[in-house]
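Please read the structure below before turning to the comments.
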Amino acid sequence: MILKPRLKDLKTIGFYLGKIILGLAFTMTLPILIGLCFGEVNPVLDFVLSILISVLLGWSLTILCRTGEDLNWVQGMIVVSISWIIAMILGAIPLYLSGHWKSFLDACFDAMSGFATTGLTLVQNLDHISYAHNFWRHLIMFLGGQGIIVIALSFFVRGFSGAFKMYVGEARDERIMPNVINTARFIWMVSIVYLILGTLALGITGIFNGMQPVNAFFHGACIFMAAFDTGGFAPQSQNILYYHSIIYEIITIVIMILGALNFKLHYHLWSGNRKEIFKNIEVVTLFFTIIATFFIVVIGLAQLGSYPDALVLFRKGFYQLISGHTGTGFQTIYPQEFLDSWNPLALTGVIIAMALGGAVCSTTGAIKMLRIGVILKAFKEDLKRIIMPEKTIVIEKFHHIKEIFLEDKLVRSALTITLAYLVLYGLGTLIGMFYGYPFLESLFESTSAAANVGLSCGITSIGMPTGLKITYIIQMWAGRLEFMSVFAIIGFLVAAIKGK
Amino acid sequence: MKNNFSLILINLFILGFFSLQHAWAQNLTSNDLIQHTKKYDGKTVVYRGEAIGDVMGRGNFAWVNIHDGNNAIAIWVSSDLAKEIQFTGNYKTQGDILEVTGIFYRNCLEHGGDLDIHAQTLKKISAGRIVSYKIDLIKLKLIFILFGVLLLIWILTLFRRK
């Protein structure tokens, strides 16, 4: 028998949602500071207005739903699921008010793309956007990459056991520290240390590239946030092509790879356990999948002969591939060039890389390396069972921070999520084809949205059908939350309608 | 006399060739160039748009990105020509509208395979300007109303606590 949610359940969900919304409102003060620094009056008003709306909503929820109850698993998942949708709507308000988005749906698309660290965009006239709004576009990537819940846990929630339930709901099932709030704070510490170093590196490079110092550091900070959080937005419409600098490309590759690594691995590297990087199943799998997919891309590009020089082929091919594999979405080519200068084989290489993604407990989306590694290990175990004598006991282990025995439960969980991603990629492709786009282009864009990558072959544009915009928003949301929270909210709605 | 006549003929041929080449140089949009890269690769093209972002000096040359309303395309231009540019587009400025005649490269070998135009001439069509914005009074009114509502809720919660 399905139980109908009670008023008490709704109050608990509402109370914690309110707290998360207040946390989000607080983050909107940062673009106000940027706007004030650059003397941008109307953009500051956009953010003041958005803060007031957010505070009004968040505060009202905490007052109306005040409760001392802790969250249970389902409630935790639902809070996460709804808070991402509310974050999208509230985050879209200042974007829409700027006048750079054609409709509120377009602003919501970019807000979800930002929070989910995707990078697909429907912005108009980006090169004339204010510093405040441009900063907000990148900040939401930084916030979304660490996790909206992680922000709330780090700064606004004082220790309660429901914290872990929300943390898990946001597709982070690994505790770095014994306490989940300390884990959230560690994630922030790592990100802020890298933010300072990355901004300095990119800012100085920008100055050497001929940019104005203020612009160089502003761009440096924005690009860092988009690269480390494997987002893919950039301050200018040409994305990374704007900078015309190989050093800029190399630095962003390093930052993208750092962003694609597990925060737990960062912790061990910071603690001096450097050997972990050579043994970790995720790093090893990432290394081999990069080589394999790059091989496919190189063969494809060489077949077409678009790039006359091997160095150029490597520079263009490798950058787009790493950008796709880490789930970032930075481009050093125009979206249309994917169709003009890349053949289906090269595109397939990038699609596979996008579908695989980076490490778990990182800022990337997609299936992720741990699951791929576990599935490959399971295949190896099954092969051994076939080859070896019947009585042989086959035990497979893998190294992920510690030695772990390969259990059926683990393999099943990896296969379930992998299957869910494949279905999500496929559904988006079908809907794209329903709107008249060719198969490969639809698959490319759908995988990019669902795996939170952001590379585009040109489908994502202001003029694309509304249904496809909504499809990609749902894909970005479901892909980022890795389905659990999405399943929970569907179950909750079913219970609300059919429950007794 | 015969030599002079040949010289005149050669000069006329060279002049004719360059003027014809310039006449063939087409006024193209960024979409034309990006969607038909193979067609225009290595050809002289004329491209017009607004200078945006930074003029990034690199030795005796500079990168200027020109946006025609659809996309921005990178222009590799000599520092002398780049001096013409006074305003580049951003939130507070409307950039100079420039017309560039130059060679279009689909994958420029000199610049790591980037799609770009190597400018031969650069003409300022119209000068940019500083854009002034008026304070949006509707937004200001909304802020006061919402602030009032928040204040009211706060007072009500105070009464509730008492």
Side-chain angles (χ1 to χ4, degrees), chain A residues 38-43 45-46 48-49 51-53 55-56 59-60 63 97 125-134 206 208-212 215-216 219 235-238 241-246 249 306-309 311-317 332-337 339-341 458, chain B residues 30-31 33-38 50-59 61-63 65 67 69-74 76 88-95 106-109 111-116 131 133-140 142-147 149-150 153-154 156-157 160:
Chain A
F38 288 98
E40 298 168 338
V41 181
N42 283 332
L45 295 183
D46 294 344
V48 173
L49 202 54
I51 287 180
L52 286 171
I53 294 169
V55 170
L56 202 61
W59 202 20
S60 306
I63 292 168
L97 291 174
N125 197 10
L126 176 62
D127 300 308
H128 285 102
I129 204 168
S130 69
Y131 281 99
H133 286 103
N134 219 349
F208 279 109
N209 281 343
M211 293 173 77
Q212 297 292 321
N215 254 1
H219 280 231
Q236 301 282 156
S237 61
Q238 287 154 290
L241 196 57
Y242 173 82
Y243 303 98
H244 312 286
S245 163
I246 190 164
E249 287 172 29
S306 301
Y307 299 109
D309 189 83
L311 206 67
V312 169
L313 187 147
F314 181 83
R315 185 169 163 185
K316 292 290 175 191
T332 57
I333 59 172
Y334 291 93
Q336 295 92 327
E337 281 186 82
L339 306 176
D340 185 48
S341 305
Chain B
S30 60
N31 279 343
L33 292 169
I34 294 166
Q35 282 164 12
H36 306 101
T37 53
K38 283 175 199 160
E50 182 198 354
I52 48 121
D54 297 81
V55 175
M56 293 178 271
R58 307 274 167 96
F61 286 86
W63 280 113
N65 294 296
H67 201 292
N70 294 311
N71 304 284
I73 288 188
W76 181 242
T88 54
N90 56 44
Y91 177 67
K92 286 188 172 176
T93 50
Q94 187 69 43
R106 182 186 179 210
N107 303 120
C108 177
L109 286 177
H111 299 117
D114 288 352
L115 183 152
D116 62 19
V131 182
Y133 294 94
K134 283 182 186 166
I135 293 177
D136 193 327
L137 291 174
I138 298 170
K139 285 177 190 169
L140 212 59
L142 268 172
I143 286 169
F144 279 116
I145 293 167
L146 285 174
F147 195 73
V149 175
L150 266 179
I153 293 175
W154 182 62
L156 283 173
T157 51
R160 201 178 156 194

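What you see below is based on every heavy atom in this structure, not just the backbone, and it leaves out hydrogens, waters and symmetry mates. Within every chain, numbering begins at 1; the chains are lettered A, B, ... in the order of the sequence lines, protein sequences first and strands thereafter.
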Q: Please answer whether the main-chain N or O of A/Phe38 pairs with a side-chain N or O of B/Lys92 as donor and acceptor at a distance below 3.5 Å.
A: yes

**Q.** A/Tyr334 OH to B/Gln35 CD distance, which is reported to the nearest 0.5 Å
**A.** 12.5 Å

Q: Mind checking the NE2-CH2 spacing from A/His244 to B/Trp76? Nearest 0.5 Å is all I need.
A: 9.5 Å

Q. Does some side-chain heavy atom of B/Arg106 sit less than 4.5 Å from a side-chain heavy atom of A/Ser341?
A. yes

Q.
Could you report the tightest heavy-atom contact between A/His128 and B/Ile52, atom names first, then the distance?
A. CE1-CG2, 4.4 Å

Q. Side chains of A/Asp309 and B/Asn107: does their closest heavy-atom pair fall under 4.5 Å?
A. no

Q: Sort out for me which of A/His133, A/Gln238, A/Arg315 touches chain B most, counting heavy-atom pairs under 4.5 Å.
A: A/Gln238

**Q.** Toward chain A, the part of B/Thr93 with a non-hydrogen atom under 4.5 Å
**A.** backbone

(Q) Is A/Leu49 close to chain B through its backbone or its side chain, or both, or neither, when contacts mean heavy atoms under 4.5 Å? (A) both

Q) Out of A/Val55, A/Asp127, A/Leu97, A/Leu339, which one racks up the most heavy-atom pairs below 4.5 Å with chain B? A) A/Asp127

Q. Measuring heavy-atom distances to chain B, does A/Ser130 have an atom under 4.5 Å in its side chain, in its backbone, in both, or in neither?
A. both

Q. Just wondering, more than 12 heavy atoms not from B/Tyr133 lying within 6.0 Å of its OH?
A. yes

(Q) Within the 4.5 Å heavy-atom criterion, are B/Arg58 and A/Asn209 side-chain neighbours or not? (A) yes

Q. Contact part of B/Val131 toward chain A, heavy-atom cut-off under 4.5 Å: side chain, backbone, both or neither?
A. neither

Q. Based on non-hydrogen pairs under 4.5 Å, which of A/Gly39, A/Ser60, A/Gly458, A/Pro235 is most in contact with chain B?
A. A/Gly39

**Q.** Partner chain A: residue of B/Leu109, B/Asp116, B/Asn71, B/Val55 with the largest heavy-atom pair count (under 4.5 Å)
**A.** B/Leu109

(Q) Within the 4.5 Å heavy-atom criterion, are B/Asn65 and A/Tyr242 side-chain neighbours or not? (A) yes

Q) Hey, what do you get for CG (B/Leu150) to CD1 (A/Ile51), rounding to the nearest 0.5 Å? A) 11.0 Å

Q. Closest heavy-atom contact between A/Val312 and B/Gly113?
A. CG1-CA, 3.4 Å

Q: Quick one: closest heavy-atom pair of A/Gln336 and B/Asn31, and the distance?
A: NE2-OD1, 4.3 Å

Q. Atom CG in B/Leu146, atom CG in A/Leu52: separation rounded to 0.5 Å?
A. 5.5 Å

(Q) Could you go through A/Asn125 and B/His67, starting from their C-alpha distance and side-chain angles, then the distance that decides it, and tell me whether this counts as side-chain hydrogen bond (donor to acceptor under 3.5 Å, both in side chains)? (A) CA-CA 10 Å; A/Asn125 197 10; B/His67 201 292; 5.9 Å; no

**Q.** Nearest heavy-atom neighbours spanning A/Asp46 and B/Lys139
**A.** OD1-NZ, 2.6 Å

Q. Considering only heavy atoms, which portion of A/Ser306 lies under 4.5 Å from any heavy atom of chain B: side chain, backbone, both, or neither?
A. both

**Q.** Nearest-0.5 Å distance that lies between atom CH2 in B/Trp154 and atom CD1 in A/Ile63
**A.** 12.0 Å

Q.
Using modelled atom types and a 3.5 Å cut-off, is there a donor and acceptor pairing between side-chain atoms of A/Asp340 and backbone atoms of B/His36?
A. no

Q | NZ (B/Lys134) with more than 12 external heavy atoms under 6.0 Å | A | no

Q.
For B/Leu156, is the CG atom crowded, meaning more than 12 foreign heavy atoms sit under 6.0 Å from it?
A. yes

(Q) Nearest 0.5 Å, please: how far is CD1 in A/Ile333 from CG in B/Asp114? (A) 11.0 Å

Q.
Would the distance check show the side chain of B/Asp54 and the main-chain N or O of A/Gln212 forming a donor-acceptor pair, the cut-off being under 3.5 Å?
A. yes

Q | Winner by heavy-atom pair count (cut-off under 4.5 Å) against chain B, out of A/Asn134, A/Leu311, A/Ile129, A/Val41 | A | A/Ile129

